[in-house]
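Quick notes on the structure that follows.
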Amino acid sequence: MTTATMPVLKHEAYDVVIVGGGPAGLAAALGAREGGAERILVVDREPEAGGILWQCIHAGFGLHHFKEELTGPEYATRFLRMVEEAGIEIATNSYVLDIAPDRTVTIMSGEGGLREVPAKAVVLAMGARERTRGAIRTAGTRPAGVFTAGLAQKFTNMLGYLPGKRVVILGSGDIGLIMARRLTLEGAEVLGVFEIMPYANGLNRNIVQCLHDFDIPLHLSTTVAEIHGRERVEAVTVAPVDENLRPILDKGWRIECDTLLLAIGLIPENELSQRLNLRLDPVTGGPVVNSAMETSVDGIFACGNVVHIHDLVDFVTQEALLAGRCAGEFARGQRRPKDNIKLVPGRNVRYTVPHSISSEREHTIYMRVREPMERCVLRLGEVYQKRLRYVVPGEMVTLKVKPEFLENFHGDSLLVEVVERGDA
Amino acid sequence: MYDVTIIGGGIIGTAIARELMRYDVRAVLVEKEVEVGFGTSKSNSGIIHGGHHSEPGTIKAKYEWPGNQMWDRLAAELGFAFKRIGELTLAFSEEEVDKLLAMKEQGEALGVPGLEIWDRDRILREEPNVSPSVVAGLYAPTTGVINPYEACFAFAGNARKNGLELALGRPVSAIERIPGGFLVIAGGEPIPTRFIVNAAGLFADEVARMAGDDTFRITGRKGEEYLLDKRLQGFVQRLLFPLPTPESKGILVIPTYDGTLMVGPTAHATEDKTDVATSWAGSDEVFSFVKRVVPGISERDCIAQFAGVRAVADGNDFIIGPSHVEGLINVAGIQSPGLTAAPAIAVDVVRMLSDLGLELAEKHDFDPTYKAPVRFNMLPREEQRRLVARDPSYGKIVCRCEYVTEGEIRDAIRAGARTLDGIKFRTRAGMGRCQGGFCSWRSMQLLSEELGISMTEVTKKGGNSWLVCEFEEVGS
Amino acid sequence: MATTTVTTYLCIGCPLGCRLEVEHDGPDIVEVRGFGCKIGKRFAEQEHTAPTRMVTTTVRVKGGVWARLPVKTEEPVPKDKVLELTDLLHTIEVSAPVKMGTVILENALGTGVNVIATRDVEARPA
Ligand SMILES: Cc1cc2nc3c(=O)[nH]c(=O)nc-3n(C[C@H](O)[C@H](O)[C@H](O)COP(=O)(O)OP(=O)(O)OC[C@H]3O[C@@H](n4cnc5c(N)ncnc54)[C@H](O)[C@@H]3O)c2cc1C
Ligand SMILES: Cc1cc2nc3c(=O)[nH]c(=O)nc-3n(C[C@H](O)[C@H](O)[C@H](O)COP(=O)(O)OP(=O)(O)OC[C@H]3O[C@@H](n4cnc5c(N)ncnc54)[C@H](O)[C@@H]3O)c2cc1C
Ligand code: SF4
């Protein structure tokens with residue numbers, strides 16, 4: 001179900017314009033409708049809305065939201081149908097070039113030309129981009145055959161080409177693991193997955209079903225130190241790393257291969273956020289948001305991977321429904337009370353989203369930890385604590401904060417931390 | 001029979017070709033790579049040196065300052081990027097200040113105007129991110145930056161417009177003598193020619209030997225460079241140089257034409273002249289040095305790295321002139337400041353050809369211009385609007401880091417891009433933060449469409465640099 | 001006393017990733033150890049006796065806006081059939097348009113499980 005290019009927009013101006021039609025953008029559109037917005041426009045640069053989900057053909061989406069295990073394309077299709085049934089307009093093949101602080105959105109769409117669309121509220125949902133080789137300064141030559149895992153996934157699952165025949169994968173996050181299985185099933189030889197950290201970043205389920213099932217080795221505390229080959233990749237040197245995560249070159253070994261996939265993480269797509277001069281969180285790389293998912297510029301909301309990287313699409317949906325709802329309310333002139341409590345990441349907490357909350361509503365706080373920990377306690381200042389059996393950096397931690405936790409709290413900031421039991 | 005065959009399509013070969021095509025001659029440029037500029041000329045610092053670095057009396061000095069002065073006009077005629085951003089050579093001790101003074105005198109003797117000694121306060125006022133331990137600096141307003149590959153494409157494009165033939169993807173493997181000239185065997189096919197200009201860069205010694213000239217050797221000296229994220233745009237305004245050593249001009253901070261900061265290069269001899277690998281040692285060398293000069297720069301900001309190899313002839317100077325083999329002109333050992341010197345070298349080589357007997361009648365319809373490619377992202381909004389209305393392909397963004405449109409990529413292919421790197425160097429698509437992570441599939445589709453080749457035939461840089469394969473090719 | 005063997009599995013129930021030990025006498029399980037909770041025990045028993053997997057892959061589409069159609073098994077299939085099944089699927093070609101849910105392969109390899117399309121793929125405009 002692809003939506004046709006819509007060079008002709010139905011309206012001159014919109015209540016809510018949503019930039020990006022991935023799961024975040026689609027859920028935000030539904031949220032905006034719930035929030036009371038009438039004229040809603042979702043803009044996506046691709047020929048069809050749905051975002052990264054189209055290429056994630058594996059199962060593992062929607063367990064929380066739909067209580068059933070869907071593949072990425074199925075999840076996208078369900079949302080697209082709901083959005084279409086709600087009569088929400090989607091402009092595909094359309095690129096948002098710019099957003100002015102007064103919320104005029106500049107949209108460019110080939111045949112549709114370039115035009116400015118005023119919006120009462122804007123939701124940023126541009127998703128993420130992949131980290132590349134430069135970011136890890138891998139030494140060696142610059143031949144063809146070094147791909148980010150997401151690009152390789154697009155080639156394999158949509159465009160119908162394989163990135164290579166003998167493949168080494170750097171990075172043990174879910175994307176790396178899933179590509180290891182995909183390429184194996186398509187007949188390529190996956191020679192190993194290498195992870196610089198002492199622990200794997202992906203789900204155990206993926207380690208078992210993507211690696212163990214096919215006898216693909218996983219090497220921890222090891223990285224690709226050097227790339228060889230002039231025209232096409234001919235080999236890589238992999239080496240264990242020292243405590244500073246630098247490869248110990250004389251302990252390295254060479255693997256003959258023609259392809260190196262980099263699955264070394266995503267970073268929020270923040271071109272537009274930067275152009276808008278939004279306050280960014282240096283840890284997430286995305287905008288700082290309050291409990292209404294509103295950024296530092298009034299009426300500009302954000303959700304999904306553009307704010308922080310999610311491993312579960314269900315959380316994207318949840319967060320985006322909220323962002324959309326608040327944007328819809330904003331467009332109608334309704335304002336929620338301002339946040340009065342700042343959240344401060346403490347021990348073993350890298351960041352929290354939102355960055356602040358308000359004492360009279362219920363909130364879900366998303367956070368990521370720095371390192372794995374077992375038998376620990378998640379503490380919200382002195383007001384609340386929750387026991388956790390484990391935390392790992394690869395899985396987002398969530399915490400529901402109820403107004404009653406804060407009844408007797410009168411400060412203006414709360415430390416959020418995860419500590420070992422007994423350490424508290 | 002051709003009048004002139006130029007071997008090598010780097011900055012030197014293409015500049016000579018462009019200069020030569022002012023005249024009524026039949027000329028061909030032969031290049032082993034599938035595009036021009038894919039040798040050392042795309043992998044360097046991109047600096048048009050101020051004119052004061054070369055030691056008076058050397059051949060380098062003979063061409064550096066005259067070359068420098070020719071770039072404004074060339075950039076205007078040929079539409080490539082060039083900007084005089086100025087340079088500061090920094091001294092961090094009193095002894096170094098003496099060397100600065102000597103350098104200033106050397107520059108003045110060569111005729112370079114505007115050289116000034118700046119004290120610490122002035123430096124920190126103009127370049128607040130330079131380390132406060134700086135003592136003094138030599139400022140040169142004449143130094144500029146270009147995108148060197150763009151210059152190669154523009155030289156070659158203009159020369160072709162004026163009648164040059166381009167033979168790309170044709171390595172010269174042998175040269176035979178024939179009456180009145182040579183037979184150059186390129187990619188297996190013979191090219192008969194009266195004169196040869198040998199501008200084969202790192203392999204100029206081999207090409208000379210093929211023609212019977214065994215008088216010089218070229219060795220490689222590698223330089224690694226590291227590009228930093230756009231975040232640091234404007235952090236440093238001028239080129240920052242340390243004091244030079246005999247091997248190199250040292251490790252620099254380079255605000256490139258496009259605003260990205262680049263740091264490097266290293267300078268180390270390499271046995272293998274095709275070795276363009278970067279190394280951990282090189283990265284450490286560059287960043288540990290640069291951090292002392294500009295403490296705010298860190299390896300965390302690196303988005304890409306590359307290395308280029310300087311062609312160093314015995315004697316460490318350029319070799320430019322007719323060989324003892326009649327009809328052959330060598331332009332060899334063109335290490336730094338080769339880019340800077342290229343236009344001046346080109347004029348002189350054409351004169352040498354005339355001295356050897358090539359009759360040079362000015363072409364009455366010589367067109368000195370070359371249309372700069374459209375750069376959508378650089379245009380004001382209203383112009384963008386008009387452009388998209390006229391041709392919707394400029395309304396489709398392909399590279400989202402650098403805002404490169406489908407129209408620009410199609411233009412690049414029509415102007416000669418044959419590979420993903422060719423598109424990258426012509427349009428910047430894939431040069432930004434994501435380094436082609438997102439857009440390369442689309443650029444590949446456009447190459448496949450425009451060139452009528454399959455996706456599996458699209459390459460990164462020619463030869464065996466294939467990108468994707470068919471499902472059927474893989475596995476059992 | 002019968003000789004038993006111990007096979008280990010990594011539990012996929014949660015990130016703790018318990019190292020599950022199944023002591024068995026041939027196919028018969030004698031004891032499961034190492035689990036941190038019931039999920040692990042059940043998983044070990046299942047993995048040891050009748051492991052199954054959901055299979056997701058793609059098949060070639062002719063004339064579609066995309067070159068590949070993503071497909072999945074409606075139910076998990078025995079693990080040892082996975083590679084055989086994907087090899088079989090890779091010989092299949094369908095023509096666009098295709099609707100999500102369309103059965104691409106019925107009763108795959110006699111498992112009783114169908115393979116279905118997981119998205120629509122429209123025909124490429126001529
Ligand atoms: C390989 C991979 C595997 C995953 N596996 C799972 C899994 O098994 N289970 C699970 O629950 N989650 C999984 N996830 C996570 C989840 O799918 C993502 O977190 C989620 O898709 C993010 O949604 P998003 O809408 O924020 O971003 P995206 O899906 O990236 O959507 C962003 C959209 O915005 C568009 N856009 C961007 N900029 C502009 C612009 N300027 N103008 C117009 N449009 C623009 C883009 O084209 C895109 O369509 C996976 C993610 C990846 C990458
Ligand atoms: C790291 C680094 C930084 C530098 N920085 C600067 C700077 O800032 N400013 C400056 O002025 N200079 C600089 N230089 C020097 C400058 O890059 C060179 O002087 C210049 O590029 C040399 O151009 P060329 O045309 O001689 O060589 P090349 O660009 O190498 O061209 C030679 C061409 O000949 C072709 N060729 C070789 N053999 C054959 C054959 N058998 N058949 C057909 N074709 C063949 C090659 O493929 C190549 O394209 C730098 C150099 C390096 C390495
Ligand atoms: S056995 Fe229980 S605790 Fe251990 S990994 Fe499995 S689910 Fe987690």
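In what follows, chains are A, B, ... by sequence order, proteins preceding strands, each numbered from 1. Source: prediction; values computed, not measured.
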Inset, instruction - Please look at B/A304 and chain A and tell me whether the side chain, the backbone, both or neither of the residue comes under 4.5 angstrom of a heavy atom of that chain. - result: backbone

Legend entry - Region of B/V398 that comes under 4.5 Å of a non-hydrogen atom in chain A: backbone

Legend entry - Polar side-chain atom of A/R232 near backbone of B/W466 as donor-acceptor pair, under 3.5 Å: yes

Legend entry - Check: A/R142 side chain, B/V276 main-chain N or O, donor-acceptor pair, under 3.5 Å: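 Looks like yes, one N/O pair under 3.5 Å.
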
Inset, instruction - Could you tell me which residues in residues 243-258 of chain A have at least one non-hydrogen atom under 4.5 Å from a non-hydrogen atom of chain B, sorted by residue number? - result: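 The stretch touches chain B at A/R246, A/P247, A/L249, A/D258.
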
Inset, instruction - Establish, yes or no, whether the cationic atom of A/R275 lies under 6.0 Å from the six-membered ring centre of B/Y403 and within 45° of the ring axis. - result: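 Yes, A/R275 lies over the aromatic ring of B/Y403.
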
Legend entry - Side-chain touch A/M108/B/I397, heavy atoms, less than 4.5 angstrom: yes

Legend entry - Flag side-chain contact, heavy atom, 4.5 Å: A/F155 against B/L467: no

Legend entry - N-O pairing of A/E231 and B/K461 below 4.0 Å: no

Legend entry - Basic-acidic side-chain contact under 4.0 Å: B/D275, A/R230: no

Legend entry - Heavy-atom pair count under 4.5 Å with chain A, highest-scoring of B/E406, B/R381, B/R300: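 Greatest number of close heavy-atom pairs with chain A: B/R381.
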
Inset, instruction - Quick one: which of B/Q305, B/M444, B/E224, B/Q384 has the most heavy-atom pairs under 4.5 Å with chain A, could you say? - result: B/Q305

Inset, instruction - Go through A/G145, A/G150, A/A225, A/G229 and name the one with the most non-hydrogen pairs under 4.5 angstrom from chain B. - result: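 Max contact count across the listed options: A/A225.
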
